[in-house]
Amino acid sequence: MLTAGRERIGKPTFERRWSSYRSHEALGNPAGRRFALCVKDPAELVALVMYLREKDGSALLLHGGMPLETALAHARRAGCCGLIYEEAETYLSVEDVKGYAESSHGGCGGKPSLFQYSSGTTGEPKLIGRSWEEIGIELAAYNEALQADPSWKPVVLASVSHSYGLLCGVLASLARGSEPTVVPNTNPKLALGIIRDTPAHLIYAVPIQLHLLASLAAGEQRFHRLMTSGAPLPAPLWEQLAQRSDAVLQQYGCSEAGCLTISRGMLAPGDIGQPLPHVQLTAGPRADSPGELIADIGGRIIRTGDVGYRNEQGHIMLMGRADDVINIGGLMVYPSEVEDTLLRMQGVREAVVYRGRHPVMGEMVKAQVVADPAVTSDMIRAWCLQQLAPYQVPGAVACVSSIEKNGNGKVSRKLLEAKEAAL
Amino acid sequence: MNREQLKERLQELIAGMLQEMGAGLEETAGADGSKHGPLAGTLREELRLNEDLRLDSVMLLQLLVLIETKLGLQVPENEVDPGIFDTVGSLVDFMQELDNTNIPDPAPGPGVR
């Protein structure tokens, strides 16, 4: 059924696990109940998810490796009856089910569902539920759009405790009769070895994993197909990957709606391809007039908070978060476009572009750059003036030794903006 | 390479990585190159990579990649014991092991078969 690392786990092993779940004190009768799953072992996690889906139970995915107390708190908050921690044998009942009131926020009408906490850019993580029924429709549409050749072998580097790795990497593959290989995120060298031994690979990864693979495989190895998702692919990495693979694919979605689009061969870093057959997606008509991406799935409207436009080939080009867009007297500046320009400059290692307050203009473009000592902010501005429209050129460029990150280690444009606004 | 040399190279890698990622360099290394950060002076073996040097799980994987690409130590393809990432000492142990296994077999000298 699937391979975990180098170990192939066949159907009989899965059958044995399912039979042990059937005689489990709590899992035995899961219909209408919600279980939190905090499980690192991909085979066990996939077995549990498939079992609950089959038996009309609900599952809450927690990141494998989360401390027990935190996992219990999340389970309680999400209205789960219990937590499975690391292995099916370790079951902890959640006695105080006060969280149930909140659990109705999941918004899936009491149907058996898959729950997740969305990473939420600000504030508390939000509980999001999607019914198995809805997920089934998504997986079918996903496979229809992916048009995977039967010879392609999915190799899943992305975490299977998140929907990208679990639903698209594993469950969609199984649904089309393809056996996925799930690679533990412990040694990039192991991932590379498995990839080398799987010539027709379709790799599911997030940008940082692709970066590690590319730097480790230094030159000699070519890739077959690379799928990226989860975060924007920096332009220099995209160029490198595009040269070294038959195709770089990208899929785009959000926790509320699942996967919305796939590009089967990216033409640019922002290329997220076309909507899946079950999705109608609104975007801006042209590069100079982008709009928010709004999905319509069977009448349910989901606002993504991202902006983009449809290019001449009908591909959606993603430009960034709607609330990161900087308005310069009615002209919109997309930070990622300016950042890509900065990163192409010799000597620039890191760059972030964010909104600043201008006493007269209202908003202004600001940049923080980590660069070699020889690079000055005047040189950076001069470079931008050669490459960008004048309104896009940062009015203030600060050369810093490091760019401040948020609690998740990510650059947050909002954080930088808020910090400066508070000064 | 002996243990001290490996430690020095590791220190360079970590310092370079922290600088590139801009992750709390001020607190860990002493931004002005001064002596007060844990990365100043000789790297102490009991320093914990995660808690003291603030290397997160992604940075640890990146460090593993650098150990191979920059230091030329061939990391094996099996799963690595996460315990190697506990402290500077445990990581240097691991590097020393790699360094020993990477040494090509010495040419047989006279009288050696």
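Below, read A as the first sequence line, B as the second, and so on, with proteins coming before strands; counting in each chain starts at 1.
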Subject >> Under 4.5 Å from any heavy atom of chain A - which part of B:L64 >> reply: side chain
**OP:** Answer yes or no: is there a side-chain heavy-atom contact under 4.5 Å between B:N78 and A:L190?
**Re:** no
Subject >> From B:I84 atom CD1 to A:T186 atom OG1, the distance as rounded to the nearest 0.5 Å >> reply: 9.5 Å
Subject >> Separation between CD of B:E77 and CD1 of A:I194, rounded to the nearest 0.5 Å >> reply: 8.5 Å
Original post:
Which heavy atom in B:T69 sits nearest to a heavy atom in A:S215, and how many Å separate them?
Top reply: CG2-O, 3.6 Å
Original post:
If we only count heavy atoms from C-beta on, is the A:K189 to B:P76 side-chain gap below 4.5 Å?
Top reply: no
**OP:** Using a cut-off of 6.0 Å, state whether more than 12 heavy atoms not belonging to A:Q346 lie near its atom CD.
**Re:** no
Original post:
For B:E68, is it the side chain, the backbone, both, or neither that has a heavy atom closer than 4.5 Å to a heavy atom of chain A?
Top reply: side chain
Original post:
Looking at A:Q209, A:R196, A:H211, A:R6, which has the largest count of heavy-atom pairs under 4.5 Å with chain B?
Top reply: A:R196
